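Have a look at the structure below before the remarks.
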Amino acid sequence: MIDPKLLRDNIDYIKELLQKRNMAGAIDLDALKRIDDERRAAIAKTGELRETRNRVSKEIGGRKSKGEDAAALMKEMEGVNAGIKDLDALQESLNTQFNDILLSLPNVLDSSVPEGKDENDNKVVRYWGEKPKFDFEPKPHFDIGAELNILDFERGVKLAGARFYVYRGLAARLERAIINFMLDLHTTEHGYTEIFAPFIVNDDSMIGTGQYPKFKDEYYRIERDGLSLIPTAEVPLTNLYRDEILEKEQLPLYVTMQSSCFRREAGSAGKDTRGLVRVHQFQKVELVKFVEPETSFDELEKLVANAEEVLRRLNIHYRVVLLCSGDVSASSAKTYDIEVWMPGLDRYVEISSCSNFLDYQARRARIRYRRAKGEKPALVHTLNGSGLAAGRTLAAVMENYQTADGAITIPDVLRPYMK
RNA sequence: GGAGAGAUGCCAGAGCGGUUGAAUGGGGCGGUCUCGAAAACCGUUGAGGGGUUUCCCCUCCGAGGGUUCGAAUCCCUCUCUCUCCGCCA
């Protein structure tokens, strides 16, 4: 969440922000301000009453221990206690309202984010490599996979339904190789520590990274246990340090983890219905950073470079896109997408999304660090990015490395992993 | 799933219902001593929030309710952890 003080000091800034994010009118800021004012008034008033209660109760204790009469004082406390009770109830109701709205407010935007309505206004910041030339008509990965009998969508449907798939033989092995290659690259060359954590998390975790409460429809939740299947390893990784105070020396802290990711893909009916591009379960290697605030934008550039390096070593053409204000996710202040070239689909496909969340997630999840001994803890900045989505990487390898006879050449960097 | 035990500050570990935000020990930090270090001794060391913001106040002893003028201490519910049994990749 954003700093509540911003609401008091500069409400126009937030109004403008919502405008840029195409969210104007979605949130009643004036009502929120009113609730906050009432809320703080109630806090101040109960504070006074409690102070009275503490003082008088001590007085009562003192008199009783001396055997003196305290009946008058006890009588006096009845009114005070009734007042506290009423104000507590009011405060609780106001706090709930306030937090609900606050949690659904999006993050601030960095000034470098271009203004725009939707993905058409995103800015391409660079291209790497070139589109490969084929002396035949390149096929989409799902056709290649069907012909080689390594991607089985029919049986995926039989087992779990639409948008599920089965890998057989080479595809299963190739994806495993891709994941291992990516993890090794990030841990041995980019300084990330490999983590393995649960794929199922509690609501506090989902709130911490911003999935809940606003976007509940997009995830699988096991109601009976109050747990959710993670849509990305960002959730367990970022929440590793929820409710903790880190030492300055621990920063910057880089972690990576491979996981399956589960998404309902609500609202994307009819989109990317074939193949591996949009499915309910896919594997991904995620990169997460905890850093000092001053460094977070530099760290974002390095994070994108770490993700790009995967495609460079695979020698696959891609471009990097800076998302515009209307397309950046609610939690993020600035996001770069890496889009890989898919010759069979004849378009670029998002394969990584790298974001700087500033203190938005850290405030929700209470992830702090000690700037200097004796000082109050400060919020860290968190970042994350895919490094990369494994299923889409598999599809990209299949399409870019396909041969005229319908086979796939294994990229050099993956060969050690295919022995 | 069955039976039992427990949940207190960075850690360990006390805490007749009243002045306990919390004894004591350890650790950390600062100091004395020392050529330096160790030892010893002295001091200091949680977080969140509100305000009339060099200071004052409120809240927090797993979470949520309740009893009471007053709860870390009493009652209820929940969660989690540990031990034993059962089951099991």
Side-chain angles (χ1 to χ4, degrees), chain A residues 1-9 32-103 196-208 212 221-228 236 239-251 260 359-380:
Chain A
M1 64 181 104
I2 57 166
D3 189 343
K5 289 198 179 76
L6 209 52
L7 199 65
R8 291 176 219 164
D9 303 339
L32 184 61
K33 177 107 166 65
R34 208 162 50 239
I35 292 167
D36 186 37
D37 290 343
E38 288 175 30
R39 188 182 133 263
R40 281 182 302 129
I43 289 170
K45 190 74 191 142
T46 35
E48 284 172 31
L49 289 179
R50 277 185 213 277
E51 195 271 331
T52 304
R53 179 169 80 181
N54 291 344
R55 191 162 33 76
V56 177
S57 288
K58 278 185 185 177
E59 178 65 21
I60 292 171
R63 289 199 188 184
K64 284 201 165 182
S65 67
K66 284 186 235 159
E68 296 171 10
D69 178 59
L73 287 175
M74 285 165 73
K75 187 84 181 167
E76 185 191 324
M77 293 302 288
E78 283 175 20
V80 174
N81 274 332
I84 290 176
K85 202 164 193 174
D86 290 348
L87 279 170
D88 270 350
L90 175 66
Q91 215 189 106
E92 194 188 319
S93 142
L94 289 169
N95 273 338
T96 306
Q97 294 177 49
F98 183 69
N99 285 329
D100 283 355
I101 302 177
L102 199 63
L103 281 173
F196 194 84
F199 291 9
I200 304 176
V201 299
N202 56 28
D203 288 349
D204 283 347
S205 298
M206 292 291 273
I207 290 169
Y212 289 170
R221 186 166 187 279
I222 306 164
E223 292 300 329
R224 182 176 164 173
D225 302 294
L227 298 170
S228 299
N239 279 284
L240 278 177
Y241 298 104
R242 173 156 48 80
D243 286 312
E244 292 194 28
I245 299 171
L246 300 167
E247 295 305 322
K248 184 186 169 81
E249 295 70 40
Q250 289 177 266
L251 304 181
S260 290
D359 60 14
Y360 187 87
Q361 293 181 325
R363 184 173 290 106
R364 287 174 161 249
R366 297 165 300 279
I367 307 168
R368 294 168 294 171
Y369 79 109
R370 189 121 17 217
R371 279 181 175 280
K373 47 179 181 278
E375 268 188 46
K376 287 260 181 192
L379 295 166
V380 301

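All chains are named by letter (A, B, ...) in the order of the sequence lines, taking the proteins before the strands, and each is independently numbered beginning at 1. Predicted, not measured: the structure shown is a model, and the values here were computed from it.
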Side chain to side chain contact (heavy atoms under 4.5 Å, CB included) partners of [X], counting only residues at least two apart:
X        : answer
Lys85(A) : none
Asp88(A) : Thr46(A), Arg50(A), Ile84(A), Gln91(A)
Leu32(A) : Leu7(A), Leu29(A), Phe98(A), Ile101(A), Leu105(A)

Using atom [atom1] of each nucleotide, how far apart are [N] and [M] to the nearest Å?
N       : M       : atom1 : answer
rC88(B) : rG1(B)  : P     : 16 Å
rA38(B) : rU32(B) : C1'   : 15 Å
rC85(B) : rG46(B) : P     : 44 Å
rC74(B) : rG15(B) : C1'   : 15 Å
rA12(B) : rA22(B) : C1'   : 16 Å
rG13(B) : rG26(B) : P     : 15 Å
rG18(B) : rU73(B) : P     : 12 Å
rC55(B) : rU45(B) : P     : 14 Å

Pairs under 3.5 angstrom, nitrogen or oxygen only, protein versus nucleotides 51-54 of chain B, please.
unit_1, atom_1, unit_2, atom_2, d
rG51(B), OP1, Arg40(A), NH1, 3.3

Over how many whole Å does the gap from [X] atom [atom1] to [N] atom [atom2] extend?
X         : N       : atom1 : atom2 : value
Tyr369(A) : rA47(B) : OH    : P     : 15 Å
Arg39(A)  : rG50(B) : CZ    : C1'   : 10 Å
Lys376(A) : rG50(B) : NZ    : C1'   : 13 Å
Lys248(A) : rC29(B) : NZ    : C1'   : 18 Å
Leu49(A)  : rG50(B) : CG    : P     : 18 Å
Met1(A)   : rG48(B) : CE    : P     : 14 Å
Glu249(A) : rC29(B) : CD    : C1'   : 14 Å
Ile84(A)  : rU59(B) : CD1   : C1'   : 12 Å

Would you find a donor on one side and an acceptor on the other, under 3.5 Å apart, between the side chain of [X] and the backbone of [Y]?
X         : Y         : value
Arg364(A) : Ile207(A) : yes
Arg39(A)  : Asn95(A)  : no
Ser93(A)  : Ala89(A)  : no

### Message
Going by the rule salt bridge (Lys or Arg N to Asp or Glu O under 4.0 Å), which residues pair with Asp86(A) if we only count those two or more places apart in sequence or in a different chain?
### Response
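Applying salt bridge (Lys or Arg N to Asp or Glu O under 4.0 Å) to Asp86(A) gives none.
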### Query
Out of rG49(B), rC58(B), rA47(B), which nucleotide sits closest to the side chain of Ile43(A)?
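Nearest nucleotide to the side chain: rG49(B).
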Collect all protein-nucleotide pairs involving nucleotides 65-73 of chain B in which both atoms are nitrogen or oxygen and the distance is under 3.5 Å.
unit_1, atom_1, unit_2, atom_2, d
rC69(B), O3', Asn81(A), ND2, 3.0
rC69(B), O2', Ser57(A), OG, 3.3
rC69(B), N4, Lys64(A), NZ, 3.4
rG70(B), OP1, Asn81(A), ND2, 3.2
rG70(B), O4', Ser57(A), OG, 3.1

Could you work out, with side-chain hydrogen bond (donor to acceptor under 3.5 Å, both in side chains) as the rule, every residue matching [X], not counting sequence neighbours?
X         : answer
Asn81(A)  : Arg53(A)
Ser205(A) : Asn202(A), Arg242(A)
Asn99(A)  : none
Lys248(A) : Glu292(A)

Using a cut-off of under 3.5 Å, enumerate the N/O to N/O pairs linking the protein to nucleotides 78-80 of chain B.
none

### Query
Is the CZ atom of Arg8(A) crowded by more than 12 outside heavy atoms at less than 6.0 Å?
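Enclosed: over 12 neighbouring heavy atoms sit under 6.0 Å from CZ of Arg8(A).
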### Task
Look at atom CD of Glu51(A) and say whether more than 12 heavy atoms of other residues, nucleotides or ligands are closer to it than 6.0 Å.
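More than 12 heavy atoms, drawn from other residues, nucleotides or ligands, come within 6.0 Å of this atom.
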### salt_bridge(Arg363(A), Asp359(A)) N-O dist < 4.0 Å
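Yes.
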### Message
Ignoring hydrogens, what is the shortest heavy-atom contact between Arg221(A) and Gly226(A)? Give both atom names and the distance.
### Response
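In this case the closest contact between Arg221(A) and Gly226(A) is NH2-CA, 3.5 Å.
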### Query
Under 4.0 Å between a side-chain N/O of Arg370(A) and OP1 or OP2 of rA47(B), yes or no?
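For Arg370(A), the contact criterion (side-chain N or O under 4.0 Å from OP1 or OP2 of rA47(B)) is met.
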### Query
Contact class for Arg368(A) (heavy atom, under 4.0 Å): base, sugar-phosphate, or nothing?
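Sugar-phosphate, backbone atoms only, no base.
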### Message
Please convert RNA chain B into dot-bracket. A pair counts if it is Watson-Crick or G-U wobble with both distances under 3.5 Å; crossing pairs go in [ ] and bases paired with another strand get |.
### Response
((((((((.[[[..)..(.....]]]((((((.......))))))((((((...)))))).[[[[[..)....]]]]])))))))....
### Query
Closer to the 5' end of RNA chain B via nearest nucleotide, is it Asn54(A) or Ile245(A)?
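Comparing both residues, the 5'-ward one is Ile245(A).
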